[in-house]
Engineer: 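I'd like to ask some things about the structure below.
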Amino acid sequence: MKRFYIETFGCQMNVHDSEKVIGTLEQRGYVQVHTPEEADLVLYNTCSIRDKAEQKVFQRLNENRRAKDKIFGVLGCVAQQEGEKIFEKAPHVRLVVGSASYPRLGELLVQIEQGGGRAAGLNLDTDATFETPVTRRDNPYRAYITIIEGCDKDCAYCVVPFTRGRERSRRWESVLEEARTLAGMGYTEIQLLGQNVNSYRDPQDAARTFAPLLEAVARTPGIRRVRFTTSHPRDFGRDIVEVIDRNESVCNMVHLPVQSGSTRVLAAMQRQYTREEYMQRIEWLKASPRQIALSTDIIVGFPGETDEDFRQTMRLLDEVEYDQVFSFKYSVRPNTPAQQMGGQIPEEEKSRRLAELQEKQRQIQLRRNTAQIGTVQEVLVEGFNLSLIHI
């Protein structure tokens with residue numbers, strides 16, 4: 001019996017990628033275990049969106065460098081970013097696989113087991129990236145469906161086009177077929193995934209865009225809740241809000257990353273929209289009768305960000321009043337234009353700005369959450385904790 005351990009870093013797409021890997025391995029007779037010590041195959045499914053996440057992966061590899069009789073593998077974005085250089089940085093690693101090559105995982109493992117060497121799968125020029133033949137779903141109520149992979153936006157700070165490749169949309173009917181299958185299996189919530197989920201275009205019919213696909217999934221019999229992430233503001237149209245308004249099954253929550261409240265910084269980031277264009281999308285969402293909750297991503301300390309640029313971001317928080325903000329210090333990433341930019345902000349100043357922003361958002365969030373006291377909300381119960389039950 002072959003045993004494997006997998007640890008996942010990063011976003012929902014990485015979580016779903018790990019479900020694909022687990023399903024593939026279990027189909028080949030592997031059994032999942034809960035610690036690296038128990039495993040014959042140890043896999044780290046990685047994220048490289050920030051330097052800290054990447055460092056964690058190499059820390060894990062360093063901790064296990066003396067382990068014998070195990071196959072270590074690096075999957076995902078760090079694998080695609082570093083490629084076969086990982087074999088030099090961590091000589092005990094024998095498998096390096098980017099996300100587009102997961103369907104080949106079985107043959108790569110056979111190659112290692114039979115030849116005793118190393119194997120790599122790093123080809124991004126493929127559409128065989130959306131689903132593996134078997135996917136092991138870890139949540140019995142919510143299921144992820146990847147509808148688009150990669151990114152064409154080329155933001156100055158981001159490694160995604162390099163690690164995930166250019167945008168590739170899944171066939172419309174393939175998405176709906178999987179939604180119907182999942183509904184038949186008893187899943188009640190679907191989450192549509194993509195680096196830029198609302199950039200979706202059916203490869204066989206470009207008129208079939210994200211908003212009508214969202215509506216079609218929402219009207220699948222048996223599906224009670226539909227979510228989607230992550231949206232890019234440039235491709236976020238009023239038609240998406242109209243679909244949310246028409247369909248109670250589409251959760252009234254939108255994650256719309258702004259990254260900065262300064263048009264000048266947005267231009268340097270190559271985000272392809274201005275503050276005013278972003279706020280137009282916010283106005284569409286706030287006009288909805290469904291009271292759509294809003295969340296966002298913000299980067300502080302991007303190269304050249306002045307105090308006034310940062311103040312514009314702080315004022316944006318007051319204008320929008322997000323329900324949740326995911327905020328980060330700018331992190332230098334390889335193969336990105338921002339890596340070469342002047343005006344790099346000192347680390348202590350980035351930390352100061354981040355702390356100030358997070359405190360403002362904490363106050364906004366506390367105020368908005370307090371306003372919900374006494375209201376009745378629908379929730380999806382995923383489990384219970386016996387330690388919290390008092391008899």
Engineer: Which word best sums up how the rings of Y30 and F4 line up, parallel for under 30°, tilted for 30 to 60°, or perpendicular for over 60°?
Structural biologist: perpendicular
Engineer: Under the criterion side chain to side chain donor-acceptor pair (under 3.5 Å), which of K350, R353, Q312 is the partner of E305?
Structural biologist: R353
Engineer: In terms of relative ring orientation, are Y157 and F302 parallel, tilted or perpendicular, with 30° and 60° separating the classes?
Structural biologist: perpendicular
Engineer: How long is the straight-line distance from CZ of F162 back to SG of C77, given to the nearest 0.5 Å?
Structural biologist: 11.0 Å
Engineer: Looking at N252 and R290, would you say the former's side chain and the latter's main chain have a donor-acceptor pair under 3.5 Å?
Structural biologist: yes
Engineer: Can you tell me if Y144 and D17 form a side-chain donor-acceptor pair at under 3.5 Å?
Structural biologist: no
Engineer: How long is the span from the CG atom in N369 to the CG atom in D323, to the nearest 0.5 Å?
Structural biologist: 7.5 Å
Engineer: Once you round to the nearest 0.5 Å, how far does CG of L192 lie from CD1 of I145?
Structural biologist: 6.0 Å
Engineer: Is a side-chain N or O of Y200 found less than 3.5 angstrom from the main chain of W172, in a donor-acceptor match?
Structural biologist: yes
Engineer: Measuring from E19:CD to N14:CG, what's the distance to the nearest 0.5 Å?
Structural biologist: 11.5 Å
Engineer: If you round to the nearest 0.5 Å, how far is CD1 of I86 from CD of Q80?
Structural biologist: 9.5 Å
Engineer: For the pair E349 and R352, find out whether any cationic side-chain nitrogen is under 4.0 Å from an anionic carboxylate oxygen.
Structural biologist: yes
Engineer: Which residues pass the side chain to side chain contact (heavy atoms under 4.5 Å, CB included) test with S260, not counting sequence neighbours?
Structural biologist: S262, V265, L266, M269, T313
Engineer: About how many Å separate CD of E319 and CD1 of I282, when rounded to the nearest 0.5 Å?
Structural biologist: 10.0 Å
Engineer: Can a side-chain donor-acceptor contact be found between E38 and T35 if the only test is distance below 3.5 angstrom?
Structural biologist: yes
Engineer: Between F326 and H255, is the ring centroid distance below 6.0 Å?
Structural biologist: yes
Engineer: Validate the cation-pi geometry between K89 and F58: distance from NZ or CZ to the six-membered ring centre under 6.0 Å, angle to the ring axis within 45°.
Structural biologist: yes
